[in-house]
There are 2 protein chains.
Amino acid sequence: MTKKVTNSVFATHAPHLIKDAVKLIASYPKMPITVDCVIFGFEESELKVLLIRSDLEMYKGFWSLLGDNVKDNEELDTAAYRILKERTGMNDVYLDQVRAFSHPKRHPGGRVITLAYCSLLNIQHHELKIYANELHWHSFSSIKEMAFDHKEILDTCHTWLQKRIQEHPLGFNLLPDKFSLRELQNLYEAILGVSLDRRNFRKKFASMDLLIDVGEMEEDVPHRPGKLYKFNFDKYEKNKRKWIGIDF
Amino acid sequence: MTKKVTNSVFATHAPHLIKDAVKLIASYPKMPITVDCVIFGFEESELKVLLIRSDLEMYKGFWSLLGDNVKDNEELDTAAYRILKERTGMNDVYLDQVRAFSHPKRHPGGRVITLAYCSLLNIQHHELKIYANELHWHSFSSIKEMAFDHKEILDTCHTWLQKRIQEHPLGFNLLPDKFSLRELQNLYEAILGVSLDRRNFRKKFASMDLLIDVGEMEEDVPHRPGKLYKFNFDKYEKNKRKWIGIDF
DNA sequence: TATTATTGTGTAAAATATACACAATTAAAT
DNA sequence: ATTTAATTGTGTATATTTTACACAATAATA
């Protein structure tokens with residue numbers, strides 16, 4: 001324990017210790033906290049995002065992220081999972097905190113701090129439970145303006161995803177369990193906004209040796225079918241290595 | 001504007017629009033928010049962190065991060081800068097939001113969500129304004145236990161820094177304006193916890209061409225003095241390029 | 001049976017990363 | 001003045017990784 005008591009030059013005052021932590025906390029300003037989820041999907045070689053119409057008169061007609069206020073004694077992660085569950089009916093989705101947005105005027109109803117979460121899910125694997133407020137999937141690139149600061153949040157999460165997908169095996173959450181290398185490449189190209197060399201892309205994944213050939217082929221494609229693969233999460237987790245490489 | 005009105009299958013209910021955003025917000029649970037700053041410095045080839053004694057009786061003797069509650073209508077970034085200014089007297093320090101910690105029991109006084117910030121500063125360039133509560137610099141590696149969940153926050157910020165320093169030119173904020181390549185290498189080695197090949201390290205930075213030789217040498221060193229450099233922030237900002245490189 | 005679209009594959013060249021050693025310089029000790 | 005100790009500054013050969021690029025094989029459709 002780092003508890004050694006020093007009689008150093010630093011101890012200029014006798015410490016005035018606070019006994020009542022509850023009272024201390026009670027003196028802090030309190031404010032509402034929300035969680036907003038950027039839910040990405042992937043379909044027809046396009047990155048999609050799940051949005052709802054804003055239910056504020058002031059933002060009538062504008063699209064909004066899926067969010068809710070955080071309950072007393074609710075963890076932020078729990079709140080984000082709750083929102084996802086409520087809207088998509090899905091349980092085991094990929095979810096990660098991105099960052100807080102705190103501009104005092106970001107919400108017309110007053111001061112609200114929001115925590116942005118990024119979620120990735122396989123559009124086929126779930127059905128939207130409710131279509132209230134026109135909940136549905138949009139092509140990411142078609143979204144130009146949104147309610148509140150949600151466009152800024154969306155863009156922040158997109159940039160976060162672009163970076164993240166290059167360093168971590170997140171992308172598979174957007175694909176079916178079994179996918180072809182073509183689908184995987186389309187995913188990377190859609191998210192990164194670049195086109196990649198097909199042979200080099202395949203070689204790259206081959207050299208990682210993290211894809212399991214499931215012994216099946218694409219079906220109903222009007223051309224030579226490709227092999228289907230699964231991502232080897234177990235092997236990835238076991239061998240997760242830290243890279244040292246300075247580059248900026 | 002993304003406002004096209006669809007008469008699609010999605011519009012199953014007539015939307016019930018909320019007129020009074022203030023009233024809406026008033027119905028949300030409110031909670032205290034704090035900002036905790038992990039302030040890193042670098043001295044004698046060691047990564048340091050600026051800590052204070054906890055002023056809670058319950059954590060008597062334990063070290064604590066520098067934090068404060070967020071004021072009404074105060075941005076999180078502003079709160080973090082305020083804390084830094086109050087404690088170190090420094091204005092233009094590097095500061096970045098890392099993430100929120102929200103466990104309902106993380107604070108003994110009740111529910112408090114905190115936003116962790118990571119700050120990097122040059123220890124020589126400032127004097128601690130106040131030594132209240134034994135504010136001073138600790139070797140990062142010596143800190144084993146802390147008040148609240150602050151050890152977890154510290155470790156999260158350390159990991160964040162390890163990753164970040166490899167991809168962005170943050171490290172220079174920890175060094176004097178003019179520094180030798182040796183100091184720079186010591187910094188990277190201390191943060192990453194590895195030892196690096198001196199010639200390759202220098203070659204790497206030489207190839208980036210982002211260090212300006214200021215034409216001065218180290219002084220008062222008991223050996224051949226090294227050249228001093230400045231980091232070329234202008235050039236870096238101009239040429240900032242996006243790398244595409246899948247690797248995990 | 002031909003056409004269309006796409007898969008699966010390899011190699012050569014370029015760029016980058018790694019491993020490694022010695023002469024030059026300064027301060028300090030003699 | 002000379003030696004010693006510590007560290008700087010530098011280059012090359014090898015291994016690894018990245019890039020650019022073309023053609024035969026396969027399935028569905030016409």
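Keep in mind that the numbers below use all heavy atoms, side chains included, and drop hydrogens, waters and symmetry copies.
Residues B:E183 and B:W243 each lie close to DNA chain D; by heavy-atom proximity, the contact nearer the 5' end of the strand is made by B:E183. Between B:M217 and B:I246, the one whose closest nucleotide on DNA chain D sits nearer the 5' end is B:M217.
A:M90 is not listed as a side-chain neighbour of A:K85, based on a closest heavy-atom distance of 4.5 Å or more.
At whole-Å resolution of the value, CD in A:Q166 and C1' in D:dT18 are 15 Å apart. D:dT14 atom C1' lies 12 Å from atom CG of B:N200, rounded to whole Å. When the P atom of C:dT26 is taken as reference, atom NZ of B:K227 falls 12 Å away, rounded to whole Å. For the pair A:D197 CG and D:dT18 C1', the interatomic distance rounds to 10 Å; values are reported in whole Å. In this structure, B:Y229 places its OH atom 11 Å from P of D:dT8, rounding to the nearest Å. Between the P atom of D:dT7 and the CD atom of B:E219 lies a distance of 18 Å, rounded to the nearest Å. Taking atom CD on B:E216 and atom P on D:dT8, their separation rounds to 18 Å, with Å as the unit. Summarising the geometry, the separation between CZ on B:F205 and P on C:dA17 is reported as 12 Å, rounded to the nearest angstrom.
Of the residues A:K151, A:E145, A:M146, the one that meets the side chain to side chain contact (heavy atoms under 4.5 Å, CB included) test with A:F62 is A:E145.
Separating the CG atom in A:L196 from the CD atom in A:Q185 is a distance of 5.5 Å, to the nearest 0.5 Å.
Residue B:R199 has its side chain nearest to D:dT10 when only D:dT18, D:dT10, C:dA17 are considered. Proximity note for A:H223 (side chain, C-beta onward) versus C:dA5, D:dC21, D:dT8: the nearest is C:dA5. The side chain of A:R198 has D:dA22 as its nearest neighbour among D:dA22, D:dC21, C:dC20. Of the candidates D:dC21, C:dA23, D:dG11, the closest approach to any side-chain atom of B:R224 belongs to C:dA23.
No N or O donor and acceptor, one from the side chain of B:D220 and one from the base of C:dA27, sit under 3.5 Å apart. For C:dT11, its base sits under 3.5 Å from the side chain of A:K203 at one donor and acceptor pair at least.
In this structure, A:F231 and A:Y236 have tilted ring planes: the angle between them lies in the 30° to 60° band.
Side-chain rings of B:F172 and B:Y94 stay apart, their centers remaining 6.0 Å or farther from each other.
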